[in-house]
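Scroll down for the structure; my scribbles are underneath it.
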Amino acid sequence: MKVFTALYGLADAAERARELRDAGAAGVATFEGPHDVFAPLTLAATVPNLQLMTNVAIAFPRNPIHLAHQANDHQLLSSGRFILGLGTQIRAQIEKRFGADFDKPVARMTEFIAALRAIFAAWNSGERLDFRGDYYRHTLMTPTFDPGPNPFGPPPIYVGALGPRLTRAVAQHADGLLVMPFGSKRFLHDHTMPIVRDGLAAAGRQTAELTVLPEIIISSGETEAEIEAAHARTRALLAFYGSTPAYRPVLAAHGWQDLQPELNALSKQGRWAEMGGLITDEMLHTIAACGIPADVGRHVRDRVGDVADTVCLYQAAPIGLPTLAAIIDELR
């Protein structure tokens, strides 16, 4: 099993990426948080034998042309090791933080993928750019702005999804599905994968045409004190995710749906410190892979089963390299 892990930081991104590769990681992924999601990967592209992925670049505030240039450049810089991971985010973030439109997110994301493919096709085949959709329109590509064919081909497009409509659309149109980290074995196998199979069948696609990449929250350490501290951070992370209505279906799959409005109410009151205390041990160990590296390895293998041969390890905070290397060894 291959492992992607988070690449934190900016100035030391290349050094950190090299350390993660040497610890056994097959790839690194960046989060669109306090830093730009592409900048660390620009630096990490100098590290050979390591895949790079945005996890995720928020699509709707961006224009497909801008994003196509960024993705194409990173595919060039990395010699074909780049994956463009896209996400919708939630309405409040898109409208209030980015000041962009969020209406009909499934249709908008589907069209965004189509627009990117049209742009990549124009650059790589020389065909005339003529994309006309409901949300995006691209009908001009003069030589000055055309990078020409990419010797490594266009980068694959992965999309993060949780809800049934977006999951189905991703299975129909994207190259990969990023399974959101706030999840469980039951939700993956009983909810996500049946929708994936339905979407593939509707599009006449084969299973091999879509990469399913599960993201799994890990809470680990080498000592009891390290594990206890990791669990506290992970409870806070799960409480943050659980407060969001979009993640209620995951809780509902286990009969915990009443927790979501309770967490949401606390978040609106700014009582963030209290929220982690509502995450029980059962919830913690169901949603996150917890314990020493051997325990984490068993959880991940059991959850993923035959769904995927690559996983992305999501961390509430960076874990030590020895612990990470031990987890990767377990998964190998």
Side-chain angles (χ1 to χ4, degrees), residues 1-7 10 13-32 36-59 62 64-87 112-127 129 138 141 143 145-160 170 173-179 205-215 308-313 328 332:
M1 184 175 290
K2 295 187 294 185
V3 171
F4 273 76
T5 191
L7 178 63
L10 181 59
E15 179 183 353
R16 180 64 177 174
R18 188 172 292 104
E19 291 174 343
L20 293 171
R21 181 203 60 188
D22 293 345
V28 293
T30 49
F31 164 70
E32 185 144 57
D36 175 73
V37 72
F38 285 95
L41 298 180
T42 305
L43 300 174
T46 60
V47 180
N49 303 316
L50 188 70
Q51 288 188 279
L52 313 174
M53 179 171 67
T54 52
N55 188 29
V56 289
I58 308 305
R62 293 178 163 91
I65 283 286
H66 287 134
L67 197 52
H69 276 291
Q70 287 180 294
N72 189 70
D73 285 349
H74 282 79
Q75 181 77 328
L76 284 168
L77 287 172
S78 66
S79 300
R81 293 177 284 117
F82 178 72
I83 297 170
L84 176 61
L86 300 177
F112 204 109
I113 296 170
L116 284 170
R117 294 204 192 284
I119 295 164
F120 289 146
W123 290 345
N124 284 278
S125 70
E127 65 185 64
L129 179 60
H138 304 285
M141 182 55 60
F145 306 107
D146 186 342
N150 191 313
F152 306 102
I157 302 169
Y158 289 18
V159 178
V170 172
H173 302 285
D175 298 305
L177 168 69
L178 295 170
V179 180
R205 304 179 76 191
Q206 301 299 311
T207 302
E209 294 180 69
L210 179 79
T211 298
V212 176
L213 179 51
E215 303 179 69
D309 61 4
T310 304
V311 294
C312 186
L313 303 182
I328 293 173
R332 280 175 168 170

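Here the structure is a predicted model, which is why all the values come from computation and not from measurement. Just the heavy atoms: all of them, side chains too, but no hydrogens, waters or symmetry mates, feed the values below.
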**OP:** With sequence neighbours left out, write down each residue that passes side chain to side chain donor-acceptor pair (under 3.5 Å) with Arg205, or none if nothing qualifies.
**Re:**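 If we apply the side chain to side chain donor-acceptor pair (under 3.5 Å) test to Arg205, skipping adjacent residues, there are no hits.
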
Nearest atoms (heavy-atom pairs only) where [X] meets [Y]:
X      : Y      : result
Val170 : Gly176 : CG1-O, 3.5 Å
Val159 : Ala174 : CG2-CB, 4.2 Å
Gly153 : Asn124 : CA-OD1, 4.5 Å
Leu10  : Ala39  : CD1-CB, 3.7 Å
Trp123 : Phe145 : NE1-O, 4.3 Å
Val47  : Arg81  : O-NH1, 3.0 Å

Please walk me through it: do Leu52 and Phe38 pass side chain to side chain contact (heavy atoms under 4.5 Å, CB included)?
CA-CA 10 Å; Leu52 313 174; Phe38 285 95; over 6 Å; no

As an exercise, state the distance from [atom1] of [X] to [atom2] of [Y], rounded to the nearest 0.5 Å.
X      : Y      : atom1 : atom2 : value
Ile83  : Thr54  : CD1   : OG1   : 9.0 Å
Thr30  : Asn55  : OG1   : CG    : 7.5 Å
Asp73  : Thr42  : CG    : OG1   : 8.5 Å
Asp146 : Ile119 : CG    : CD1   : 11.0 Å

| query | Is there a donor-acceptor pair closer than 3.5 Å between any side-chain N or O of Glu215 and the backbone N or O of Cys312? | reply |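 Such a contact is absent between Glu215 side chain and Cys312 backbone.
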
*asked:* Keeping Asp175 on the side-chain end and Tyr158 on the backbone end, is there a donor-acceptor pair under 3.5 Å?
replied: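 Flag not set: sc Asp175 to bb Tyr158 has no pair under 3.5 Å.
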
Can you check whether [X] reaches [Y] side chain to side chain, under 4.5 Å on heavy atoms?
X      : Y      : result
Val56  : Glu32  : no
Pro155 : His74  : no
Arg117 : Pro154 : no
Thr310 : Thr211 : no

- prompt: Can Arg18 and Glu15 be counted as an ion pair, charged N to O under 4.0 angstrom?
  reply: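 No, this pair does not count.
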
Partners of Phe120 by ring pair (Phe, Tyr, Trp, His ring centres under 6.0 Å), sequence neighbours excluded?
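Listed in chain order: nothing, the list is empty.
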
Quiz item: Partners of His173 by ring pair (Phe, Tyr, Trp, His ring centres under 6.0 Å), sequence neighbours excluded?
Solution: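 Ring pair (Phe, Tyr, Trp, His ring centres under 6.0 Å) check on His173 returns nothing, list empty.
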
Checking side-chain contact (heavy atoms from CB on, under 4.5 Å) against Met53, which of Leu178, Val28, Leu41 comes through?
->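 Only match with Met53 under side-chain contact (heavy atoms from CB on, under 4.5 Å): Leu178.
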
* To do: With side chain to side chain contact (heavy atoms under 4.5 Å, CB included) as the test, would you mind laying out the steps for Leu116 and Ile157 before giving the verdict?
  => CA-CA 9 Å; Leu116 284 170; Ile157 302 169; 4.0 Å; yes

Next item on the list: Begin from the C-alpha positions of Met141 and Ile65 and carry the test side chain to side chain contact (heavy atoms under 4.5 Å, CB included) through to its verdict.
Entry: CA-CA 10 Å; Met141 182 55 60; Ile65 283 286; 3.8 Å; yes

